[in-house]
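Here's the structure we're looking at; comments come further down.
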Amino acid sequence: MSKIYLEFEDNYLLIQLFGPQNINLKQIEKQLGIDIISVGNTLTISGEPAKIKTAQTVLESLYKKLEKGHNILDGDFEAAMRISENGSNKSDESLTLYTRKSQVTPRSKNQEKYIRAMKDNDLVFGLGPAGTGKTYLAVAYGVSMLLEGMTDRIIISRPAVEAGENLGFLPGDLKEKVDPYLRPIYDALHDMMPAEQVQKRIETGEIEVAPLAFMRGRTLSNCFVILDEAQNTTTMQMKMFLTRLGNNSQMVVNGDLSQTDLPNRATSGLADAVELLKNTKDVKSISFTDKDVVRHNLVSRIIRAYDKKKQIL
């Protein structure tokens, strides 16, 4: 059993760091199995040396974030602990994405690799289970590029109604048919920009959210393009989409190969493209696992349970 003392200068910042009724400190205690006692602006941390070091790194890194005038968001403690436990003492500030409403930082080592891949490559595949931030980070990256004037447009697409895009069987006009399948994209955009700005940029064409079928026959130049739920594309749909890439453009293609809805066990266009392009220059694949899940802690345990069942079968 070891013990260290941490002292912080600004008591006002500590109110935010510790959280209401010290809820953030209690979260660290529970996850790391250590004891934290706060007296004024001093913390006493007791436990295993490695766990104490993790707690120190997390608290000091988030305190520095508060000193710079940034807020601590939901999941920041979990993210800081995950990164620290993976052997990193600090996150790379160059990977922070700035949007109108917030700044988005990677919350795992694979998320860091993912953002870095988007910075360095023309085509990036993001592979892994739900909740790992694939879509959210891609949208954040696109928004940051648009706001910095590094791209003219963001184009975001996904297969509507599974792989077949059978929109005719749904009630309503075209917008009413496709909006439910594009809602996660709109949610991410509204997290990053005020609603009126999102709507204005959609009206001017700076942001386009459309089903995959709308991409046929187009050349997508000077834009940042995202294909979501790509596991539900056929090989021909994927070829059509990838060959839309125009000059001065980037593509991010995301999907979870364990959740393919293609009929008759057809080959997923995502799986085919990842294998076909694995040794191609300027193409990078990033694989996420349940350890990268940034939703409720239970989500990662649910994913592991289903994976375990699949292995048994």
Side-chain angles (χ1 to χ4, degrees), residues 110 114 123-139 155-172 174-188 208-218 220 225-245 251-280 283-290 292-293 295 299-300 302-313:
N110 281 330
Y114 184 56
L123 173 61
V124 175
F125 292 104
L127 311 173
T132 51
K134 304 183 302 296
T135 302
Y136 195 85
L137 288 176
V139 173
I155 298 176
I156 311 171
S157 183
R158 67 189 319 194
V161 195
E162 302 175 345
E165 300 183 342
N166 298 314
L167 299 174
F169 292 99
L170 296 175
L174 182 60
K175 186 177 188 300
E176 292 172 329
K177 291 173 188 289
V178 302
D179 269 2
Y181 299 93
L182 303 173
R183 178 49 49 190
I185 304 299
Y186 290 115
D187 289 344
E208 179 181 349
V209 184
L212 178 60
F214 283 35
M215 299 299 110
R216 190 175 302 278
R218 301 176 61 183
L220 307 177
V225 191
I226 302 169
L227 177 60
D228 197 33
E229 298 291 338
Q231 74 276 4
N232 289 329
T233 60
T234 65
T235 55
M236 290 305 296
Q237 286 175 322
M238 179 60 75
K239 178 183 178 182
M240 177 275 292
F241 181 80
L242 294 179
T243 54
R244 300 308 93 199
L245 186 63
M251 276 187 174
V252 176
V253 178
N254 294 323
D256 179 2
L257 291 173
S258 70
Q259 297 291 327
T260 301
D261 296 321
L262 290 167
N264 303 321
R265 296 185 177 181
T267 300
S268 167
L270 176 59
D272 181 68
V274 170
E275 176 63 24
L276 186 66
L277 302 174
K278 63 182 180 181
N279 296 319
T280 303
V283 177
K284 184 75 172 180
S285 294
I286 303 296
S287 296
F288 296 88
T289 71
D290 60 271
D292 298 299
V293 171
R295 293 178 183 169
V299 174
S300 61
I302 291 172
I303 292 170
R304 284 196 295 270
Y306 274 95
D307 287 344
K308 184 176 180 180
K309 177 182 178 181
K310 186 167 63 175
Q311 290 172 3
I312 293 174
L313 296 177

Check the pair Gln237, Leu212 against side-chain contact (heavy atoms from CB on, under 4.5 Å), reporting the backbone distance first and the verdict last.
-> CA-CA 8 Å; Gln237 286 175 322; Leu212 178 60; 3.9 Å; yes

Min side-chain heavy-atom separation Leu227-Val252 under 4.5 Å | no

Minimal heavy-atom distance between Met240 and Thr243, with the atoms involved, is O-OG1, 3.0 Å

Looking at CD1 of Ile286 and OG1 of Thr132, how far apart are the two atoms once the value is rounded to the nearest 0.5 Å?
-> 11.5 Å

If you measure from CG on Leu276 to NZ on Lys239, what distance do you get to the nearest 0.5 Å?
-> 10.0 Å

Validation row: Leu242, Leu277 side chains within 4.5 angstrom (heavy atoms) = yes

Give, for atom CG of Asn254 and atom CD1 of Ile156, the distance between the pair rounded to the nearest 0.5 Å.
-> 10.5 Å

CE-OG distance between Met238 and Ser268, expressed to the nearest 0.5 angstrom = 6.5 Å

If you round to the nearest 0.5 Å, how far is CG of Leu257 from CG of Asn232?
-> 10.0 Å

Shortest non-hydrogen contact from Pro211 toward Ser157 | C-OG, 3.3 Å

Taking all heavy atoms of Ala188 and all of Tyr136, pick out the closest pair and write down the distance.
-> CB-CD1, 4.1 Å

Write down the atom of Thr233, the atom of Leu270, and the distance for their closest heavy-atom approach.
-> OG1-N, 3.8 Å

Nearest heavy-atom pair of Val253 and Phe241: which atoms, and what distance?
-> CG2-CE2, 4.1 Å

Within-4.5 Å side-chain heavy-atom neighbours: Val274 and Leu127 | yes

Given the rule in the side-chain contact (heavy atoms from CB on, under 4.5 Å) test, do Arg244 and Ile155 qualify, once you have shown the distances and angles that lead to the verdict?
-> CA-CA 12 Å; Arg244 300 308 93 199; Ile155 298 176; over 6 Å; no

Do Phe125 and Val283 touch side chain to side chain, with heavy atoms closer than 4.5 Å?
-> yes

4.5 Å side-chain heavy-atom contact, Tyr114 and Asp292 | no

What distance separates Ile226 CD1 from Lys134 NZ, expressed to the nearest 0.5 Å?
-> 12.5 Å

If a pair satisfies salt bridge (charged side-chain N to carboxylate O under 4.0 Å, His left out) and one of its residues is in residues 227-237, list it, with sequence neighbours excluded.
-> Arg158-Asp228, Arg158-Glu229

